[in-house]
Amino acid sequence: AQRVTQPEKLLSVFKGAPVELKCNYSYSGSPELFWYVQYSRQRLQLLLRHISRESIKGFTADLNKGETSFHLKKPFAQEEDSAMYYCALSPMNTGFQKLVFGTGTRLLVSP
Amino acid sequence: SAVISQKPSRDICQRGTSLTIQCQVDSQVTMMFWYRQQPGQSLTLIATANQGSEATYESGFVIDKFPISRPNLTFSTLTVSNMSPEDSSIYLCSVVPQGAFQETQYFGPGTRLLVL
């Protein structure tokens, strides 16, 4: 079975500090991995996906198959980064149609 | 992307009743999904809404409890039947727009349901 684990419910940092939101997954095949973000009073939206190897709003995430991790990082946090972040996995055996979500980490960036 | 609306945005219902949630998209989409997010939990896929045929349900979800319709490429409904307090959740619709990466899902604003 597929599983996504986000060990931290809450991560609190000061503005300008580095941020790392942890995500570990359990899947025997080659997954597609995503980070979704939900800002206050907004809907859930895609932040980035590992296949694109892109940086969005200064965030990056590297897939580490050896450690089965897909941690989200940003070198200098901004107050507007405060939000709920969800790591998600899409299994190859579902044609990448199904998303399995972690429980989410709330990031709070203080001034 | 796609503009997705859900109705109602929230509701308070009595146990034993049923509620139908609507998901409307402003453009034709290939895939539509329904998720549930129980308090303090992650999002869980309920089913894939198939246009013109029966929905495909995930393990633990059945059609009698969560009947789904998808009459066309822009609209779907999810009914939560014979509700109990355990059905109190946020229900979200998501879509994959035509031409998008198959795995890029866009989410609606959600329907917050409280069952008393």
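Quick note on labels: first sequence line is chain A, next is B, and so on, each numbered from 1. Keep in mind that what you see is a predicted model, and the values were worked out from it rather than measured.
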Are there over 12 heavy-atom neighbours, none belonging to [X], within less than 6.0 Å of that residue's [atom1]?
| X | atom1 | answer |
| --- | --- | --- |
| A:F14 | CZ | no |
| B:K65 | NZ | yes |
| A:E80 | CD | yes |

Single-linkage hydrophobic cluster [X]~[Y], side-chain heavy atoms < 4.5 angstrom:
| X | Y | result |
| --- | --- | --- |
| A:L48 | A:L63 | yes |
| B:V3 | A:Y39 | no |
| A:L72 | A:L11 | yes |
| B:Y35 | B:I21 | no |

Legend entry - Chi angles and distances behind the side-chain contact (heavy atoms from CB on, under 4.5 Å) call for B:L45, A:F101: CA-CA 9 Å; B:L45 181 63; A:F101 283 87; over 6 Å; no

Separation between [atom1] of [X] and [atom2] of [Y], rounded to the nearest 0.5 Å:
| X | Y | atom1 | atom2 | result |
| --- | --- | --- | --- | --- |
| A:K98 | B:T56 | NZ | OG1 | 11.5 Å |
| A:R43 | B:S5 | CZ | OG | 8.0 Å |
| A:L44 | B:Y106 | CG | OH | 12.5 Å |

Inset, instruction - Check whether B:L92 gets within reach of chain A through its side chain, its backbone, both or neither, counting any heavy atom under 4.5 Å. - result: neither

How about [X] and [Y]: do any of their side-chain heavy atoms sit closer than 4.5 Å?
| X | Y | result |
| --- | --- | --- |
| B:Q105 | A:Y36 | yes |
| B:Q37 | A:Y86 | yes |
| A:L46 | B:F107 | no |

Inset, instruction - Grab the two heavy atoms, one from A:G102 and one from B:S42, that are nearest each other, plus how far apart they are. - result: O-CB, 2.8 Å

